[in-house]
Asks: 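Input: one structure, supplied below.
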Amino acid sequence: MRAGSGLANPGVADSPGDGPAVRVRIAPSPTGPLHIGTARTALFNYLFARRTGGTFILRLEDTDLERSTPAYEKDILEGLRWLGLGWDEGPGLPGELDRGPYGPYRQMERLARYASISAGLLADDKAYYCYCTAAELDAERKRLEAARLAPRYSGRCAHLSAAERAAFEAEGRRPAIRFRIEPGSVVFDDLVRGRVQIDASALGGDLVIVRAGGTPLYHFCVVVDDAAMKISHVIRGEDHLSNTPKHILLFRALGEAEPRFAHLPLILNPDRTKMSKRKSQTAVDDYIGEGFIREGMVNYLALLGWSTGSEEEILGIDEIAARFSLEHIQKGGAVFDRERLEWLNGQWIRRLSPTELVDRLRPFLQEEADGARIDRLPADSELELLMPLVQERLPVLGAIGDLVDFLFSEHIDLDPAQLVPKRWDRATALDGLGYARVTIGEVAQADFEPDQLEAPLRALAEARGWKAGDLFMTIRVAVTGRTATPPLFQTLVALGRERVLGRLDSAIVLLAAGAREGGQE
RNA sequence: GCCCCCAUCGUCUAGAGGCCUAGGACGCCACCCUUUCAAGGUGGAGAUCAGGGGUUCGAAUCCCCUUGGGGGCACCA
């Protein structure tokens, strides 16, 4: 038994009580980048393990040789780590060589085990060799489809004689191995949905568990491994609900105890179909690339299909783990709402310390530099001063460029039209910039502070009968090239006296040139 | 086609028979704050709890049916 978790959580109804220790797993297949749905499933497993004092295991289901790649494997591991979902057993652990008491945790390294177990099933006649070719099976499926019948294997290799098998072998056919689905009804108590009953006749006939090529298939591996790794709770997406009876039948055939099952509601596209790459942004990497932070992502994902049962919602992963319970999992699917994710992300960005925020922003600034949108990479000390100006303006870290690029590049793009506030005409803007140039020029380098700038500029506006906001806007555009920026006076200080004056001069020149060409106004 | 699951504001959800003339959050709309943009504050619109039958003194909550939606049915995972 592992850590005395039962003692720590006497009231957890989901826990198996005095039963076996809680062991849960996330079993991604490295056939694509880490998917939002996988991340959410991993998170729920992680939370359940933490809540119950159980063990969280990572296992790679890499038996699809066609599509699995080391690059995807790396992406998935890094993504899970990025989210803060550390696993207790599995590949890539600091301890080296992926082990743990039940390894290896990569299915392609467990082939011997699958082979011996499938041999056992064959010996017990719980499985048999099937010589049907892909083309034959395909034709059979099409025939059923045309007759508007459910696709299902006929079972024509279920009782071959030795002579028939020999004949197929002589033809050069290589057999797959099929598991016999015996008639009957399979019932299980899903921890989220309650009692589920499915008749074996609806399972599509005898199931291929080993390919003709010899590699094992998912439904088989998942059961062999869950049994071998002593998984106590299988927490996974609802898309596996209908497959569960197959797994249960396999557990029984293997003489292994069945784990408890908990099927999570699906994450949906806006049209309420299962979230897909085609209709939604599904790669966790892409969200990281935009500047979503782990705290926001975890908080959002946890609340997709689960709730505290109260009105709390901004919660860190430990707070979530402390409140987590399978009972509060929603049954219906949940549409992925990016707006809400952004809001939550902004909430967490605002909670970061300035130094922490600088650290997280650095890669995004680097990207700005790489893209030549800024000329130089600012130093940490310089950035820290800026944090109060940008922190509450960042829904995602990737928005940093738009907020500060004018500070770190010598050239800014100016749209002359934007230099003229709505209530003003071009001549007034020219006037405003001219007077502002003089006023700011009168503020000495030593006095170049927000308050020292604001007072005289407000006085200027009043003296000329302008609304201060209009004057500030034309200055803002002149020195930043943008109409939306952090507060003006702090921005001026961040830019520095010389650059402010230089940009005002350039703006005046630009506007004056436009006035000559554009005629009267 | 067959099997399974699901169903509260546009979205995420609270709600486990009376506390609900259904609460919160995102988004949206106003107003306040304000030099812009944000942030923050206040207020508002927004759900006949999919529909219909029951059960009950009483139902969003329990049961049944209908409708709608989704998922699964590979020598993919």
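Chain A is the first sequence line, chain B the second, and so forth, proteins listed ahead of strands; every chain is numbered from 1.
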Asks: State the pairing partner of B/C73; accept Watson-Crick or G-U wobble contacts with both distances under 3.5 Å, and report none otherwise.
Replies: B/G1
Asks: Contact class for A/Pro486 (heavy atom, under 4.0 Å): base, sugar-phosphate, or nothing?
Replies: base
Asks: For B/U21 versus B/A16, give the span between their P atoms, rounded off to a whole number of Å.
Replies: 14 Å
Asks: Taking the side chain of A/Arg340 as heavy atoms from C-beta outward, which of B/U13, B/G40, B/A25 is closest to it?
Replies: B/A25
Asks: Expressed in angstrom and rounded to an integer, what is the separation of A/Glu313 atom CD from B/U11 atom P?
Replies: 17 Å
Asks: Rounding to a whole Å, what distance do you find between A/Leu488:CG and B/U34:C1'?
Replies: 13 Å
Asks: Assign A/Ser307 to base, sugar-phosphate, or nothing according to its heavy-atom contacts below 4.0 angstrom with the strands shown.
Replies: sugar-phosphate
Asks: Check A/Glu295 with A/Arg351, please: is the shortest side-chain N to carboxylate O separation under 4.0 Å?
Replies: no
Asks: Could you say whether A/Glu454 or A/Thr308 is positioned toward the 5' end of RNA chain B, judged by the nucleotide with the nearest heavy atom to each?
Replies: A/Thr308
Asks: Both distances below 3.5 Å, Watson-Crick or wobble geometry, any strand: find the nucleotide opposite B/A25.
Replies: B/U11
Asks: With a 4.0 Å cutoff (strictly under), does any side-chain N or O of A/Arg338 reach OP1 or OP2 of B/C26?
Replies: no
Asks: If you look at every strand shown and take non-hydrogen atoms under 4.0 Å, does A/Gln197 touch a base, only sugar-phosphate, or nothing?
Replies: sugar-phosphate
Asks: Looking at every strand, decide which applies to A/His328 at a 4.0 Å heavy-atom threshold: base, sugar-phosphate, or nothing.
Replies: sugar-phosphate
Asks: Taking the basic N atoms (NZ, or NE/NH1/NH2) and the acidic carboxylate oxygens, is any pair closer than 4.0 Å for A/Asp405 and A/Arg482?
Replies: yes
Asks: Give none if B/A39 has no partner; otherwise give the nucleotide forming a Watson-Crick or G-U wobble pair with it, both distances under 3.5 Å.
Replies: none
Asks: Going by an N to O cut-off under 4.0 Å, is there a salt bridge joining A/Glu61 and A/Arg25?
Replies: no
Asks: Roughly how many Å apart are B/A60 and B/U8, using the C1' atom of each and rounding to a whole number?
Replies: 7 Å
Asks: Within this structure, what is the CZ-to-C1' distance between A/Phe188 and B/C5, rounded to whole angstrom?
Replies: 10 Å
Asks: Considering only atom P, compute the distance from B/U55 to B/G69 and round it to an integer number of Å.
Replies: 31 Å
Asks: Can you tell me, in whole Å, how much space there is between the C1' of B/G51 and that of B/U42?
Replies: 39 Å
Asks: Would you mind reading off the distance between A/Arg423 atom CZ and B/U35 atom P, rounded to a whole angstrom?
Replies: 12 Å
Asks: Find the distance A/Leu344:CG to B/U11:C1' and express it as a whole number of Å.
Replies: 14 Å
Asks: Can I get a per-line list of side-chain donor-acceptor pairs under 3.5 Å for residues 387-401 of chain A, giving both atom names and the distance, sequence neighbours left out?
Replies:
residue	atom	partner	partner atom	Å
A/Gln391	NE2	A/Ile349	O	2.9
A/Gln391	NE2	A/Leu352	O	2.6
A/Arg393	NE	A/Leu389	O	2.7

Asks: Could you check whether A/Gly309 gets within reach of a base, just the sugar-phosphate, or nothing at all, counting any heavy atom under 4.0 Å?
Replies: sugar-phosphate
Asks: Are A/Thr282 and A/Ser280 linked by a side-chain donor-acceptor pair shorter than 3.5 Å?
Replies: no
Asks: Round to a whole Å and report the spacing from CH2 of A/Trp343 to C1' of B/A38.
Replies: 16 Å
Asks: Decide yes or no on ring pair (Phe, Tyr, Trp, His ring centres under 6.0 Å) for A/Phe489 and A/Phe472, but give the supporting numbers first.
Replies: CA-CA 9 Å; A/Phe489 305 107; A/Phe472 296 167; 5.0 Å; yes
Asks: Base, sugar-phosphate alone, or nothing: which one does A/Gln347 contact when heavy atoms must sit under 4.0 Å apart?
Replies: sugar-phosphate
Asks: What nucleic acid atoms does A/Phe336 come within less than 4.0 Å of, heavy atoms only: base, sugar-phosphate, or nothing?
Replies: nothing
Asks: If I pick the C1' atom on B/U67 and the same atom on B/G53, what distance separates them, to the nearest angstrom?
Replies: 14 Å
Asks: Out of B/G24, B/U35, B/C6, which has the shortest distance to the side chain of A/Glu311?
Replies: B/G24
Asks: Does the distance from a Lys or Arg side-chain N to an Asp or Glu carboxylate O, for A/Arg143 and A/Glu140, drop under 4.0 Å?
Replies: no
Asks: Given that A/Leu149 and A/Ala468 both sit by RNA chain B, which one's nearest nucleotide is further toward the 5' end?
Replies: A/Leu149
Asks: Can you tell me the distance, in whole Å, between the NZ atom of A/Lys331 and the P atom of B/U8?
Replies: 12 Å
Asks: Looking at B/C12, B/A39, B/G23, which one has an atom nearest to any side-chain atom of A/Leu304?
Replies: B/C12
Asks: Ring centroid separation for A/His247 and A/His219, is it under 6.0 angstrom?
Replies: yes
Asks: Please state the C1' separation for the pair B/G41 and B/U34 - nearest whole angstrom.
Replies: 13 Å
Asks: Counting only side-chain heavy atoms from C-beta out, which of B/U13, B/C37, B/A39 sits nearest to A/Gln330?
Replies: B/U13
Asks: When you compare B/G70 with B/C28, how far apart are their P atoms, in angstrom units rounded to a whole number?
Replies: 28 Å
Asks: Does A/Gly305 reach a base, just sugar-phosphate, or nothing at all? Heavy atoms under 4.0 Å.
Replies: sugar-phosphate
Asks: If the threshold is 4.0 Å, N to carboxylate O, is there a salt bridge linking A/Glu136 and A/Arg173?
Replies: yes
Asks: Classify every nucleotide of nucleotides 64-77 of chain B by which part a protein heavy atom approaches to under 4.0 Å, writing B for the base, S for the sugar-phosphate alone and - for neither, in 5'-to-3' order.
Replies: ------SBSB-BBB
Asks: Under a 3.5 Å cut-off for both contacts, is B/G18 paired Watson-Crick or G-U wobble with anything, and if yes, with which nucleotide?
Replies: B/C57
Asks: In whole angstroms, how far is the C1' atom of B/U35 from the CZ atom of A/Phe472?
Replies: 5 Å
Asks: Write down the distance separating the C1' atoms in B/C12 and B/G27, rounded off to the nearest Å.
Replies: 11 Å
Asks: Should the ring pair A/Phe168 and A/Tyr131 be called parallel, tilted or perpendicular, given that the plane angle runs from 0 to 90° and is split at 30 and 60?
Replies: parallel
